[in-house]
Q: 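This is the structure, below, for whatever I ask next.
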Amino acid sequence: MSLGQQLAPHLPFLRRYGRALTGSQSQGDRYVRAALEAIVAAPDQFPREVDPRLGLYRTFQAIWTSANPDNASDGLEVQDAEAIARARLARMTPLSRQALLLTAMEGFTPEDAGYLIGVAPDEVEDLVAEALSEIEKQTRARVLIIEDEPIIAMDIETIVRDLGHDVTGVAITRDEAVALAMEDRPGLVLADIQLADDSSGIDAVKDILAEFQVPVIFITAFPERLLTGERPEPTFLITKPFQRSTVKAAISQALFFDEATLPAA
């Protein structure tokens with residue numbers, strides 16, 4: 001099996017990581033593209049001592065670490081989301097944010113995450129705790145939950161409230177979601193894809209975004225279907241079944257890049 005064939009199944013999830021890390025589909029996909037170009041240009045330098053997924057993320061991390069977001073000459077244009085994030089990064093170590101996403105969202109072990117970001121495994125848990133602590137202090141929002149499964153909705157609502165956020169409502173259909181959003185504008189939307197009346201959470205979100213801008217996290221059992229890199233797609237995705245830590249990481253990261261939650265200087 002060629003290296004390209006080995007890496008292909010992991011690309012959707014690398015796109016998810018890149019988008020969550022940068023807060024932007026286009027920006028995250030640029031870093032993924034740069035990593036792939038580096039692999040094609042020098043395949044002999046690809047880490048062969050580890051499994052292909054780990055090597056792929058290691059290459060991405062090298063690109064991310066070497067890039068300077070303040071220097072437009074690197075070909076990766078700076079987005080508004082990055083300007084917002086830099087204000088928060090003054091209060092937080094970027095390495096801790098990477099550790100959080102790699103473990104909670106991407107499912108790497110502390111050992112693998114340590115390999116990817118260049119720290120000892122026992123440091124990874126401390127970095128994750130630091131990331132959650134710092135982000136949770138800086139981000140507070142009113143959250144709309146679009147989920148038709150009562151148990152899952154209750155679990156998400158508990159996680160949201162435990163993080164210190166308010167819940168504006170729980171909708172189980174597209175029409176109900178739009179109505180709740182118009183009645184009480186949320187600062188964050190958590191949306192399932194398939195809803196109770198066979199309507200679409202994606203369509204509900206499109207209707208909401210047509211009225212006002214709000215960060216959105218989609219929840220789906222098939223994230224790879226929404227992470228092809230070929231069309232406008234969600235920046236933040238949670239895979240079902242999910243871990244509570246994954247939801248916390250996604251919420252924190254989505255709000256991390258949201259201007260509405262940026263504290264006054």
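All heavy atoms count here, side chains included; hydrogens, waters and symmetry mates do not.
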Q: Closer than 3.5 angstrom, by distance alone: can the side chain of Thr59 be matched with the main-chain N or O of Ala35 as a donor-acceptor pair?
A: no
Q: In terms of heavy-atom contacts, does CE of Met182 have more than 12 from other residues, nucleotides or ligands at under 6.0 Å?
A: yes
Q: Only pairs at least two apart or in different chains count here, so list each salt bridge (Lys or Arg N to Asp or Glu O under 4.0 Å) that has a residue in residues 50-65.
A: Arg53-Glu106
Q: Yes or no on side chain to side chain donor-acceptor pair (under 3.5 Å) for Thr239 and Arg16, after CA distance, side-chain angles and deciding distance?
A: CA-CA 10 Å; Thr239 303; Arg16 174 177 63 184; 2.7 Å; yes
Q: Taking Ala62's backbone N and O only, do any of them form a donor-acceptor pair with Thr65's side chain (distance below 3.5 Å, no angle check)?
A: no
Q: Report the residue from Val216, Leu180, Leu144 that forms a side-chain contact (heavy atoms from CB on, under 4.5 Å) with Ile208.
A: Leu144
Q: Side chains of Arg142 and Leu188: closer than 4.5 Å at any heavy-atom pair?
A: no
Q: Any ion pair linking Arg33 and Glu37 (charged N to carboxylate O, less than 4.0 Å)?
A: no
Q: For the backbone of Met1 and the side chain of Gln6, can you confirm whether one donor and one acceptor N or O come within less than 3.5 Å of each other?
A: yes
Q: Do Leu100 and Leu127 make a side-chain contact, defined as non-hydrogen atoms from C-beta onward lying under 4.5 Å apart?
A: no
Q: Give me the atom names and distance for the closest heavy-atom approach of Arg48 to Pro43.
A: NH2-O, 3.7 Å
Q: Whether the side chain of His165 engages the backbone of Ala141 through a donor-acceptor N/O pair (distance < 3.5 Å, no angle test) should be reported.
A: yes
Q: Assigning hydrophobic clusters by single linkage (Ile, Leu, Val, Met, Phe, Trp, Tyr; side-chain heavy-atom cutoff under 4.5 Å), is Leu195 placed with Leu209?
A: yes
Q: Heavy-atom count around Gln243 CD within 6.0 Å, excluding the residue itself: above 12?
A: no
Q: Backbone N or O of Ala99 within a donor-acceptor pair of the Thr103 side chain at under 3.5 Å?
A: yes
Q: Over all heavy atoms of both residues, which pair between Pro215 and Ala254 is shortest? Give the atoms and the distance, please.
A: CB-O, 4.3 Å
Q: Should Lys240 and Glu147 count as an ion pair when the cut-off is N to O under 4.0 Å?
A: yes
Q: Can you check whether Arg174's main-chain N or O pairs, donor with acceptor, with Ser199's side chain at less than 3.5 Å?
A: yes
Q: Donor-acceptor check, side chain of Thr22 to backbone of Gly18, threshold 3.5 angstrom: yes or no?
A: yes
Q: What distance separates Asp197 CG from Asp148 CG, expressed to the nearest 0.5 Å?
A: 8.5 Å
Q: Are Tyr57 and Phe108 near enough that their ring centres are under 6.0 Å apart?
A: yes
Q: When rounded to the nearest 0.5 angstrom, what distance separates OG in Ser200 from CD in Gln194?
A: 7.0 Å
Q: For Ser2, is there any backbone N or O sitting under 3.5 Å from a side-chain donor or acceptor partner on Gln5?
A: yes
Q: To the nearest 0.5 Å, what is the distance between CD1 (Ile146) and CD1 (Ile217)?
A: 12.0 Å
Q: Given side chains that start at C-beta, do those of Asp192 and Ile152 come closer than 4.5 Å, heavy atoms only?
A: no
Q: Would you give the length of the straight line joining atom CG of Leu14 to atom CG of Leu7, rounded to the nearest 0.5 angstrom?
A: 9.5 Å
Q: May I ask you to say whether Lys248 pairs ionically with Asp162, meaning some side-chain N is under 4.0 Å from a carboxylate O?
A: no
Q: Answer yes or no: is there a donor N or O on one side and an acceptor on the other, between the side chain of Glu130 and the main chain of Ser96, under 3.5 Å?
A: no
Q: Should Asp166 and Arg140 count as an ion pair when the cut-off is N to O under 4.0 Å?
A: no
Q: Is the centre of the Phe218 ring less than 6.0 Å from the centre of the Phe236 ring?
A: no
Q: Which residue in the set Tyr31, Tyr17, Tyr115 passes side-chain hydrogen bond (donor to acceptor under 3.5 Å, both in side chains) when paired with Gln61?
A: Tyr17
Q: Is the number of heavy atoms from other residues, nucleotides or ligands within 6.0 Å of CD (Glu125) greater than 12?
A: no
